[in-house]
Amino acid sequence: MTVTNRLREIYQKNKELFTAKRILLIMLGTAIGSFGITNIHQRVDITEGGVLGMILLLNHWTGLSPSILSPLLDLLCYALAFRLLGWDFIKVSAVSTVSLAAFFRLWEQFPPLLPDLSGYPLLAAVLGGMFVGIACGLILRQGGSSGGDDALALIISKLTRCRIARAYLATDLSVLLFSLSYIPLERIAYSLVTVTVSSFLIDFVHNAGRSPAHQESAVCGEEEPTEAEEPVEAEEPMENTEEPDFFDQALEEVSEC
């Protein structure tokens, strides 16, 4: 098989996976998230949970750029959870990983683009949480991951047989605890505000406009039993226009509720 034919085969196999809409929304999400991290979190000493918080922690202690740390941490998490996530999730998440690193690099080339909010930590916490929450929600809605958090949470959920939400909470609290090594306790309290705001917005953006059944199945892979209904005439199946959610599929396979 020639190289041209091989490339054509790869394109045909993945053209529905990498639609223009999906790629643009993932890039928009990573642009928003990296902008908030660079212009708010890093300047105000407010952190996030999970991998984003670990990026800020390692950036402080090692001086390495987030554009280097973010793909390294993502690749580590994806490697550990590869068997749980599957190729489609990895492929889509690779787009967000590369895009996030690129936008981190881009924002580093400019002076701060927002006013210094160090004197207004509560406002900084809310705005920072909004940037991250909207960004991660957009990316997760496209079936990818905004970082290795999702992979890490899946591993913890699988090994401990706990709910995925508790796995996320465990990673967030662990990173916040480690962040006390460079952030005062008062700022960690504001960081909890950031994590709360971002968590709410992630859930809102991810599930906005989706049916309750889809939202419920995304929580732990099960659906609530419904009351018996009277038989109705079969209707022609409607065409599914939603983008496939590979993370939700992974949850359905590994979560033990």
Might you point out which heavy atoms bring [X] and [Y] nearest each other, and give the distance in Å?
X: S118; Y: P121; answer: O-CD, 3.8 Å
X: L201; Y: M130; answer: CD1-CA, 3.4 Å
X: V44; Y: A124; answer: CG1-CB, 3.8 Å
X: P71; Y: P66; answer: CD-O, 4.1 Å

Tell me, do [X] and [Y] make a side-chain contact under 4.5 Å, heavy atoms counted?
X: L138; Y: R141; result: no
X: L64; Y: L58; result: no
X: I202; Y: V205; result: no
X: L56; Y: Q42; result: yes
X: T47; Y: L57; result: no
X: F35; Y: F103; result: no
X: L69; Y: N59; result: yes
X: F104; Y: I37; result: yes

Any chance you could measure [X], atom [atom1], to [Y], atom [atom2], to the nearest 0.5 Å?
X: I32; Y: L100; atom1: CD1; atom2: CG; result: 12.0 Å
X: D74; Y: C77; atom1: CG; atom2: SG; result: 6.5 Å
X: H60; Y: S179; atom1: NE2; atom2: OG; result: 10.0 Å
X: I23; Y: Q142; atom1: CD1; atom2: CD; result: 10.5 Å
X: H41; Y: L52; atom1: NE2; atom2: CG; result: 8.0 Å
X: E48; Y: C136; atom1: CD; atom2: SG; result: 7.0 Å

Main-chain N/O of [Y] paired to [X] side chain as donor or acceptor, under 3.5 Å:
X: S99; Y: V95; result: no
X: D45; Y: I183; result: no
X: D172; Y: G50; result: yes
X: R43; Y: L114; result: yes
X: R105; Y: S67; result: no
X: N39; Y: P112; result: no

Hey, quick one: are [X] and [Y] part of the same hydrophobic cluster, counting side-chain heavy atoms closer than 4.5 Å, chains of contacts allowed?
X: L122; Y: I40; answer: yes
X: I188; Y: V132; answer: yes
X: V193; Y: L123; answer: yes
X: L117; Y: I134; answer: yes
X: F131; Y: V126; answer: yes

Quiz item: Going by atom types only, do E108 and S65 share a side-chain donor-acceptor pair under 3.5 Å?
Solution: yes
Exercise. Hey, can you tell me if W107 and F110 have their rings parallel, tilted or perpendicular (30° and 60° cut-offs)?
Key: tilted
Exercise. Verify the neighbour count for atom OH of Y120: are there more than 12 heavy atoms of other residues, nucleotides or ligands below 6.0 Å?
Key: no
